Amino acid sequence: MPRHARLFGESGYEHIVVRGINRQVMFVEESDYRKYLTCLEKYGREQYVAICAYCLMDNHVHMLLFDESAGIPLMMKKIGVAYTSYFNRKYDRTGCLLQNRYHNEPILSERQLVATFRYIMNNPAKAGICSAAEYKWSSFHEYWGKGSFVDASVAESLFGCEECFRDILDDQTIADDGSVSKKLFSDEWAVDVMRDCIGTGKGVELQKYSRKDRDEALHKLKKYGLSVRQIERLTGINRGIVQRA
């Protein structure tokens with residue numbers, strides 16, 4: 001079956017996920033993480049792709065990229081070839097290291113962009129490793145004049161200051177003026193997220209989806225910050241199903 005061209009969002013922002021084949025680790029020691037970051041910097045510059053955020057976990061990588069010139073596919077190919085070659089030589093192995101092609105998700109709104117930053121930075125905490133601020137292999141500490149190959153302009157524009165950026169890791173929302181609100185996510189906010197992520201603000205429509213599509217949609221809504229109870233209320237789908245998705 002021929003491969004189809006990837007669809008990239010009009011905003012130019014993409015959430016990219018790369019995984020090790022069969023959940024295999026991609027990084028064994030610190031020098032492996034550094035090698036991947038070297039590849040990310042080199043091929044990002046070469047293909048004019050801005051690296052806005054990243055988090056390297058042991059068997060997968062999350063990135064937020066900005067691309068106006070359709071350079072992501074070639075950039076990701078070159079990173080995959082270079083890093084796999086390095087890893088195989090170092091650990092005396094052969095064959096594929098990465099699982100299929102990378103996954104890409106277009107970012108369609110500022111609200112989704114904020115949620116993606118939050119999701120990527122929180123990966124270590126979600127995995128039970130440590131807090132986002134304590135994790136060494138993410139871009140968490142590479143904004144606000146810290147100096148890096150990371151394009152800090154997006155984070156600094158969205159959050160305004162480092163304190164606000166840290167606050168997004170809590171159960172909070174970002175107001176239209178960029179300030180952080182301590183109130184819980186509202187249903188109005190949740191409906192907006194639904195429109196951005198799954199193309200509808202009517203949660204009950206998920207009941208008509210196939211099981212696979214329904215679970216994918218539920219997983220995406222949880223990923224972007226909706227609580228299980230909120231999803232249950234807005235969709236009418238049993239809490240147990242939402243929790244398992």
Side-chain angles (χ1 to χ4, degrees), residues 4-19 36-37 39-57 60-80 101-123 126 132 138-144 146 148-162 164-165 168-169 172-178 180 189-190 192-201 216-217 219-226:
H4 298 281
R6 291 177 176 274
L7 298 177
F8 289 85
E10 292 182 1
S11 71
Y13 291 101
E14 296 285 332
H15 179 193
I16 302 292
V17 185
V18 182
R19 299 187 183 279
Y36 195 92
L37 291 178
C39 292
L40 183 59
E41 177 179 10
K42 176 181 178 180
Y43 296 116
R45 292 187 189 279
E46 185 180 288
Q47 299 302 318
Y48 302 100
V49 175
I51 317 300
C52 303
Y54 68 80
C55 183
L56 277 53
M57 304 294 283
H60 67 281
V61 174
H62 286 273
M63 291 172 272
L64 176 62
L65 307 179
F66 179 72
D67 177 22
E68 289 184 305
S69 58
I72 287 177
L74 185 54
M75 171 191 136
M76 295 307 300
K77 180 179 180 179
K78 289 187 173 185
I79 291 174
R101 294 196 294 172
Y102 61 91
H103 170 76
N104 77 290
E105 181 175 358
I107 306 300
L108 304 178
S109 70
E110 183 172 311
R111 208 177 287 268
Q112 188 183 0
L113 190 60
V114 171
T116 301
F117 260 104
R118 186 171 187 243
Y119 181 78
I120 291 175
M121 294 296 99
N122 262 323
N123 249 241
K126 182 180 178 182
S138 82
S139 57
F140 185 92
H141 294 289
E142 298 183 17
Y143 306 105
W144 289 276
K146 303 295 176 60
S148 167
F149 67 88
V150 170
D151 182 348
S153 64
V154 181
E156 293 171 5
S157 174
L158 280 174
F159 307 113
C161 67
E162 188 168 3
C164 290
F165 180 67
I168 68 166
L169 303 181
Q172 300 167 339
T173 57
I174 307 298
D176 290 340
D177 62 0
V180 178
W189 171 88
D192 284 341
V193 172
M194 283 185 179
R195 291 195 187 99
D196 291 342
C197 293
I198 61 175
T200 178
E216 287 180 356
H219 178 76
K220 186 175 290 188
L221 293 176
K222 289 192 294 181
K223 169 181 171 180
Y224 284 108
L226 276 70

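Computed from a predicted model, the values in this text were never measured in an experiment.
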**OP:** Quick one: list whatever passes side chain to side chain contact (heavy atoms under 4.5 Å, CB included) with Ser157, sequence neighbours left out.
**Re:** none
Subject >> More than 12 heavy atoms from other groups under 6.0 Å of NZ on Lys146 >> reply: yes
**OP:** Kindly give the heavy-atom pair with the smallest separation between Ala70 and Pro73, and that separation in Å.
**Re:** O-CD, 3.6 Å
Original post:
Just wondering, do Asp151 and Phe66 contact through their side chains at under 4.5 Å, heavy atoms?
Top reply: no
Subject >> Option among Ile107, Leu108, Asp196 that satisfies the side-chain contact (heavy atoms from CB on, under 4.5 Å) test with Leu113 >> reply: Ile107
Original post:
Would you say the side chain of Phe149 lies within less than 4.5 Å of the side chain of Leu37, judging by non-hydrogen atoms?
Top reply: yes
Subject >> Trp144 and Phe165 aromatic ring geometry - parallel, tilted or perpendicular at 30°/60° bounds >> reply: tilted
**OP:** Would you check if Met57 and Lys126 make a side-chain contact, meaning some heavy-atom pair closer than 4.5 Å?
**Re:** no
Subject >> Close side-chain approach of Tyr102 and Ile79, heavy atoms under 4.5 Å >> reply: no
Original post:
Below 4.0 angstrom, N of the basic side chain to O of the carboxylate: do Lys220 and Glu216 qualify?
Top reply: no
Original post:
Do you know the tightest heavy-atom contact between Ser139 and Met121?
Top reply: OG-CE, 3.4 Å
**OP:** Side-chain contact test, heavy atoms from C-beta onward, threshold under 4.5 Å: evaluate it for Tyr143 versus Glu156 and give yes or no.
**Re:** yes
Original post:
At what distance, to the nearest 0.5 angstrom, does NZ of Lys78 lie from NZ of Lys42?
Top reply: 8.0 Å
Original post:
From His62 NE2 over to Ile16 CD1, what is the distance, rounded to the nearest 0.5 angstrom?
Top reply: 11.5 Å
**OP:** Can you measure from CD (Glu41) to OG (Ser148) and round to the nearest 0.5 angstrom?
**Re:** 7.5 Å
Subject >> CD on Glu14 to CG on Leu64, rounded to 0.5 Å >> reply: 9.0 Å
**OP:** Could you tell me whether Lys222 atom NZ has more than 12 heavy atoms of other residues or ligands within 6.0 Å of it?
**Re:** yes
Name each donor-acceptor pair under 3.5 Å that joins a side chain in residues 47-56 to protein atoms two or more places apart or in another chain, with its distance.
unit_1, atom_1, unit_2, atom_2, d
Tyr54, OH, Glu142, OE2, 2.5

Subject >> Validation row: Phe159, Val114 side chains within 4.5 angstrom (heavy atoms) >> reply: yes
**OP:** State whether the side chain of Asp67 and the backbone N or O of Ile72 hold a donor-acceptor pair below 3.5 Å, judged by distance alone.
**Re:** yes
**OP:** To the nearest 0.5 angstrom, please state how far the CZ atom of Phe140 sits from the CD1 atom of Ile120.
**Re:** 13.5 Å
Original post:
Given side chains that start at C-beta, do those of Thr116 and Glu105 come closer than 4.5 Å, heavy atoms only?
Top reply: no
Original post:
Does the side chain of Leu40 come within less than 4.5 Å of Met75's, by heavy atoms?
Top reply: yes
